[in-house]
Colleague: 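I have a structure I would like to understand better, so I am pasting it below and will then ask my questions one at a time.
These figures come from a predicted structure and were not determined experimentally. Values below: every heavy atom of this structure, side chains too, minus hydrogens, waters and symmetry copies. When a ligand or atom number is given, it counts from 1 through the structure's own listing order. Along the sequence shown, the residues carry numbers beginning at 1.
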Amino acid sequence: MCSYRLHAEYADPTPLKVRIDTHEHYSERPDDPIADVLTALDLTGTEDLADIGCGDARFLAHLASRGHQGALVGMDTSPAMVAAANAVPRVRGVFGSADRIPFDDNSFDVLTARHMLYHVPNPVAALREFRRTTKPGGTVAVVVNHPGTHPHTTELVAAHAATYGLDVADAVTVDSDTLPALMSEVFGKVRIQRSDNALVFDTPDPLVRFAEALFTFYGVTPNHPRRQVILNDLREDVEDWFTHHPGRTWRDPKGYIVATAVVDHQGSAPSASM
Ligand SMILES: C[S@@+](CC[C@H](N)C(=O)[O-])C[C@H]1O[C@@H](n2cnc3c(N)ncnc32)[C@H](O)[C@@H]1O
């Protein structure tokens with residue numbers, strides 16, 4: 001992903017919030033990645049935990065509110081997200097990148113990287129950092145989307161951006177097809193929990209809101225001079241679709257995996273090629 005777009009996308013927590021809220025309210029089946037990560041981790045509440053690419057820190061806020069006693073660290077490349085983490089009582093926000101984590105070896109009992117690894121240009125370098133900073137016997141949990149998740153909405157946004165000469169978003173660097181092998185290379189045994197679902201919209205407004213929250217990935221940045229025109233065109237297109245498909249819903253398949261690995265006690269990676 002072009003780093004300018006990535007920084008612009010996460011400079012303000014609002015589009016991320018819109019996307020998370022949309023998944024929460026417009027999914028075919030209950031969509032709760034936080035609950036899935038908690039199931040995978042089975043925390044005691046005493047672990048020192050780092051959430052890498054913490055976003056608006058809602059995972060850490062959830063842990064703090066249920067009385068987690070261990071240290072809670074939220075790390076992100078976006079100053080706005082670091083500020084969001086620091087605003088949560090008992091959470092420490094830290095600026096840093098997943099491929100160069102500003103913590104010593106063996107700092108954490110648990111490390112999570114939820115819906116962020118696909119933004120990192122070299123995901124294996126990040127996975128090695130996850131391993132380095134997690135204590136032997138500690139757990140690393142990584143969440144990534146299925147390849148081509150919600151393809152219809154993605155195509156809709158890409159097509160409207162392309163109309164105004166904006167190129168499509170760069171491919172994500174890792175997805176649920178490729179993560180298991182990368183994690184095995186770094187950690188050895190990996191456990192996978194899979195969630196298959198779909199976004200379902202039966203009116204234009206929430207779909208338009210969700211599409212707009214993807215704009216920056218396609219070069220339609222917040223201050224792009226044609227942003228409002230592109231949004232108006234897209235809205236017209238979506239309203240036409242509902243008018244021409246009476247009684248139908250806009251259904252867009254999506255999903256993710258939670259991949260969990262325990263850091264072995266040897267202190268070195270399992271692969272000789274590492
Ligand atoms: C899709 S959001 C996910 C946020 C949160 N983990 C969640 O699931 O709600 C991706 C987050 O990763 C952050 N990010 C992107 N590249 C990063 C990197 N190299 N290191 C750390 N954080 C990064 C972004 O700033 C953003 O907050």
Side-chain angles (χ1 to χ4, degrees), residues 1-24 27 31-38 40-41 49-63 72-88 91-103 108 110-130 132-133 140-146 149-150 153-154 169-176 179 195 210 213-218 221-222 254-259:
M1 169 84 50
C2 152
S3 65
Y4 171 70
R5 287 185 191 179
L6 200 58
H7 284 126
E9 170 61 24
Y10 294 115
D12 168 8
T14 310
L16 174 63
K17 282 199 170 105
V18 170
R19 295 204 302 275
I20 294 173
D21 289 350
T22 304
H23 286 291
E24 194 179 327
S27 288
D31 184 275
D32 192 346
I34 288 184
D36 287 342
V37 168
L38 289 175
L41 290 175
L49 182 150
D51 190 32
I52 305 299
C54 62
D56 63 6
R58 64 181 65 200
F59 176 56
L60 297 165
H62 177 81
L63 291 177
L72 295 171
V73 172
M75 196 198 84
D76 208 286
T77 44
S78 157
M81 304 303 186
V82 174
N86 274 321
V88 180
V91 172
R92 179 178 162 211
V94 175
F95 182 83
S97 181
D99 48 12
R100 229 174 142 179
I101 299 177
F103 283 91
F108 305 108
V110 173
L111 183 148
T112 53
R114 303 165 307 103
H115 285 115
M116 65 76 59
L117 194 61
Y118 35 72
H119 290 321
V120 181
N122 184 345
V124 172
L127 290 171
R128 288 181 183 146
E129 279 293 88
F130 298 171
R132 180 186 68 75
T133 52
V140 172
V142 180
V143 183
V144 293
N145 286 330
H146 294 342
T149 200
H150 51 71
T153 313
T154 300
D170 295 346
V172 298
T173 58
V174 60
D175 57 36
S176 64
L179 178 68
S195 167
F210 182 65
L214 297 168
F215 267 17
T216 305
F217 291 129
Y218 293 83
T221 49
K254 61 156 186 170
Y256 57 80
I257 59 167
V258 181

Colleague: Among all protein non-hydrogen atoms, which one is nearest to atom 2 (S) of ligand 1, and what is the separation to 0.1 Å?
Modeller: Y10 OH, 3.5 Å
Colleague: Mind checking whether M116 has an N or O less than 3.5 Å away from an N or O of ligand 1?
Modeller: no
Colleague: Answer whether the closest heavy-atom distance between the side chains of R114 and P33 falls below 4.5 Å.
Modeller: no
Colleague: Side-chain contact, heavy-atom cut-off 4.5 Å: Y256 with L179?
Modeller: no
Colleague: Could you tell me whether the side chain of V143 reaches within less than 4.5 Å of the side chain of D36, counting heavy atoms only?
Modeller: no
Colleague: May I ask you to identify, for P33, whether its side chain, its backbone, both or neither come under 4.0 Å of ligand 1 on a heavy-atom basis?
Modeller: neither
Colleague: Mark up the atoms of ligand 1 that fall under 4.0 Å of a heavy atom belonging to V120, in ascending order.
Modeller: 19 (N)
Colleague: Does at least one non-hydrogen atom of G96 fall below 4.0 angstrom from an atom of ligand 1?
Modeller: yes
Colleague: Decide whether H23 and S27 meet the rule of one side-chain donor and one side-chain acceptor closer than 3.5 Å.
Modeller: no
Colleague: For V91 and G74, work out which heavy atoms get closest and say how close.
Modeller: CG1-N, 4.3 Å
Colleague: Using every non-hydrogen atom in the two residues, find where I101 and L111 come nearest and quote the distance to one decimal.
Modeller: CD1-CD1, 4.4 Å
Colleague: Among L16, D99, T77, which one has a heavy atom closest to atom 23 (C) of ligand 1?
Modeller: T77
Colleague: Please list, in number order, the atoms of ligand 1 under 4.0 Å from a heavy atom of S78.
Modeller: 25 (O)
Colleague: Could you list which atoms of ligand 1 come closer than 4.0 Å to a heavy atom of H119?
Modeller: 10 (C), 15 (C), 16 (N)
Colleague: Can you tell me which residue and heavy atom of the protein come closest to atom 5 (C) of ligand 1, and the distance to 0.1 Å?
Modeller: G53 O, 3.3 Å
Colleague: Which atoms from ligand 1 have a heavy atom of A98 less than 4.0 Å away?
Modeller: 18 (C), 19 (N), 20 (N), 21 (C)
Colleague: At less than 4.0 angstrom from any non-hydrogen atom of I20, what atoms of ligand 1 do you find?
Modeller: 9 (O)
Colleague: On the 0 to 90° scale, with breaks at 30° and 60°, tag the F103-F108 ring pair as parallel, tilted or perpendicular.
Modeller: perpendicular
Colleague: In the structure I gave you, are the side-chain heavy atoms of P222 and D12 within less than 4.5 Å of one another anywhere?
Modeller: no
Colleague: Could you list which atoms of ligand 1 come closer than 4.0 Å to a heavy atom of H115?
Modeller: 1 (C), 2 (S), 3 (C), 8 (O), 10 (C)
Colleague: Testing the basics here: between G55 and L16, what is the closest heavy-atom pair and its distance to 0.1 Å?
Modeller: CA-CD2, 3.9 Å
Colleague: Short list, please: which atoms of ligand 1 are under 4.0 Å from a heavy atom of S97?
Modeller: 18 (C), 19 (N), 20 (N)
Colleague: Does any N/O atom on D76 come nearer than 3.5 Å to any N/O atom on ligand 1?
Modeller: yes
